There are 2 protein chains.
Amino acid sequence: MRSEGLEKVTLRRLATELDTGPASLYVYFRNVADLHAAVLDELLASVDLGPVGAPGDWRERLEAVLSSYVGVLMQYPPLARSALLTRPSGPCYLDLVEALVTLLREGGVEADRAAWAVDLLMQVATATGAEQATRRENPRDGDEWDVLVAAIENADVGRYPQIRDLGQLLLSGTGTTRMRWALSVLLNGILATALPVPAPASPSEINTSEGERS
Amino acid sequence: MRSEGLEKVTLRRLATELDTGPASLYVYFRNVADLHAAVLDELLASVDLGPVGAPGDWRERLEAVLSSYVGVLMQYPPLARSALLTRPSGPCYLDLVEALVTLLREGGVEADRAAWAVDLLMQVATATGAEQATRRENPRDGDEWDVLVAAIENADVGRYPQIRDLGQLLLSGTGTTRMRWALSVLLNGILATALPVPAPASPSEINTSEGERS
DNA sequence: ACCTGAACACCGTTCAAGT
DNA sequence: ACCTGAACACCGTTCAAGT
């Protein structure tokens with residue numbers, strides 16, 4: 001419907017695209033965050049969930065799904081950024097969650113742990129996508145990188161002995177290899193870390209045990 | 001110097017605060033990202049690095065430092081958001097990196113692994129801070145939560161069997177307990193996951209082995 | 001009743017004109 | 001030479017006035 005190539009997703013741009021004033025969009029969206037969420041979910045439809053049903057190692061398939069997700073985010077920097085702050089609940093987002101849970105459970109992760117693990121995996125993937133998308137669209141990124149390199153190389157030995165010791169190790173690796181390693185860390189950690197035992201609750205407060213969520 | 005209580009850090013607001021026009025700030029900062037980075041680093045000075053030199057379990061001390069960091073981010077939502085996309089290189093940021101590396105090494109993590117681990121820990125902590133800060137300042141967050149609860153409870157059983165199966169488990173736990181678990185996951189994963197063997201490089205390209213970093 | 005033009009209150013950035 | 005007022009090109013949101 002309105003899935004034309006949008007680079008800067010903004011209320012006004014979409015309004016002029018539709019030959020109307022910006023006020024009209026408030027009939028469909030209560031604010032700009034709502035609009036972003038809607039476009040984002042539309043976009044998540046293009047994430048490749050094929051690996052879920054495919055044969056092969058569940059870890060590799062999970063990595064494939066998350067890579068596809070990150071790739072989609074990187075194509076639309078502003079949406080990638082909004083994905084970090086939004087609480088998505090669209091159908092395609094749920095498809096993605098469903099896929100990740102399926103793969104985790106296939107890997108032997110029990111239900112409660114898988115539930116929390118999905119959030120963590122999505123958080124890291126989304127943050128990675130938003131970061132890389134922003135850097136990619138920022139032409140001055142090279143400069144910032146150089147500044148960081150210089151800051152590390154010239155770091156005061158007295159104040160930053162560890163940093164001086166690590167040196168280039170802090171900057172080593174490509175984005176892809178780092179993300180592959182991060183995903184391994186997460187999966188190994190998830191497999192090794194049980195959920196905390198829930199705080200003992202008296203029977204009367206069992207139904208409010210969802211917590212403050214803040 | 002200019003560390004007055006700033007809630008919305010914006011070029012113009014700071015300019016009027018200083019009784020001048022917005023153009024004047026371009027003498028000190030080349031753009032608004034630069035300004036954010038500067039203020040952020042100023043803010044990072046208030047992160048409590050005391051636990052680094054204190055006695056006790058290195059994991060708990062690392063958790064204390066990161067909690068302090070997240071707490072600082074949550075006090076300034078716009079800066080928390082910019083921290084996700086910026087490539088910080090200020091002195092206080094380096095202090096924080098130094099602290100984390102120190103604790104990781106104390107825990108027996110070897111140098112190269114610690115170098116990558118710091119980035120991952122900071123990414124998760126920063127994302128958590130930015131998320132929670134944004135939610136806290138958004139009064140409609142309750143509504144979005146309700147929408148998500150409803151979406152999960154009423155999810156189509158055919159399309160989302162796993163989600164239906166998990167149900168409230170997906171929403172269980174407070175922000176704090178989730179973050180404590182996430183940190184355990186990360187530390188367990190870091191301890192369990194060696195870096196990939198670097199791609200074999202001919203001697204001639206050893207000096208360019210920093211990678212594309214994209 | 002529904003839609004929307006125009007206005008409001010902001011942004012970041014640039015650049016010519018001042019001192 | 002250095003600083004900056006004013007202008008430019010955008011934002012998101014509201015609201016009164018139209019149909």
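Computed over heavy atoms, backbone and side chain alike; hydrogens, waters and symmetry mates excluded. In what follows, every chain begins at residue 1, and chains take the letters A, B, ... in the order their sequences are listed. Please read these numbers as outputs of a predicted model, since none were measured by experiment.
In this structure, B:S24 reaches the D:dT4 phosphate: one of its side-chain N or O atoms is under 4.0 Å from OP1 or OP2.
With sequence neighbours excluded, the residues forming a ring pair (Phe, Tyr, Trp, His ring centres under 6.0 Å) with B:W181 are A:W116, listed by chain and number. Considering only residues two or more places apart in sequence or on other chains, B:L43 meets the side-chain contact (heavy atoms from CB on, under 4.5 Å) condition with B:V72, B:Y76, B:L79. Listed by chain and number, the residues in a side-chain contact (heavy atoms from CB on, under 4.5 Å) with A:E98 are A:T102, B:Y160, B:P161, B:Q162, B:I163 (sequence neighbours excluded).
Under the side-chain contact (heavy atoms from CB on, under 4.5 Å) rule, B:C92 has a single partner from B:L49, B:D41, B:V97, which is B:D41.
When the P atom is compared between C:dA9 and D:dA9, the two are found 22 Å apart, to the nearest whole Å.
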Nucleotide by nucleotide, nucleotides 14-19 of chain D touches protein heavy atoms under 4.0 Å in the pattern (B base, S sugar-phosphate only, - none) BB----
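Taking each heavy atom of A:A83 and A:L73 in turn, the nearest pair found is CB-CD2, 4.4 Å. Shown here for A:P51 and A:A64, the closest heavy-atom pair between the two residues is CG-CB, 3.8 Å. Of all heavy-atom pairs spanning B:L84 and B:A130, the tightest one is CD1-CB, 3.5 Å.
Between B:L121 and B:L62 the shortest side-chain heavy-atom distance falls below 4.5 Å.
Regarding A:L14, its CG atom lies at a distance of 14 Å from the P atom of D:dT13, rounded to whole Å. Atom CG of B:L25 is separated from atom C1' of C:dG12 by 11 Å (rounded to the nearest Å).
In DNA chain C, stems built from 3 or more consecutive Watson-Crick or G-U wobble pairs, each with both distances under 3.5 Å, span C:4-8 with D:12-16, C:12-16 with D:4-8.
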Extract from the structure each pairing of a protein N or O with an N or O of nucleotides 8-11 of chain D at less than 3.5 Å, listing the distance.
from: D:dC11; atom 1: OP1; to: A:R13; atom 2: NE; distance (Å): 3.2
from: D:dC11; atom 1: OP1; to: A:R13; atom 2: NH2; distance (Å): 2.7
from: D:dC11; atom 1: O5'; to: A:T10; atom 2: OG1; distance (Å): 3.4
from: D:dC11; atom 1: O3'; to: A:T10; atom 2: OG1; distance (Å): 3.3

Check: What do the steps show when you test B:M74 against B:V70 for side chain to side chain contact (heavy atoms under 4.5 Å, CB included), and what is the final call?
Finding: CA-CA 6 Å; B:M74 287 186 61; B:V70 173; 4.2 Å; yes
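With salt bridges taken as basic N to acidic carboxylate O contacts below 4.0 Å, none links A:E63 and A:R59.
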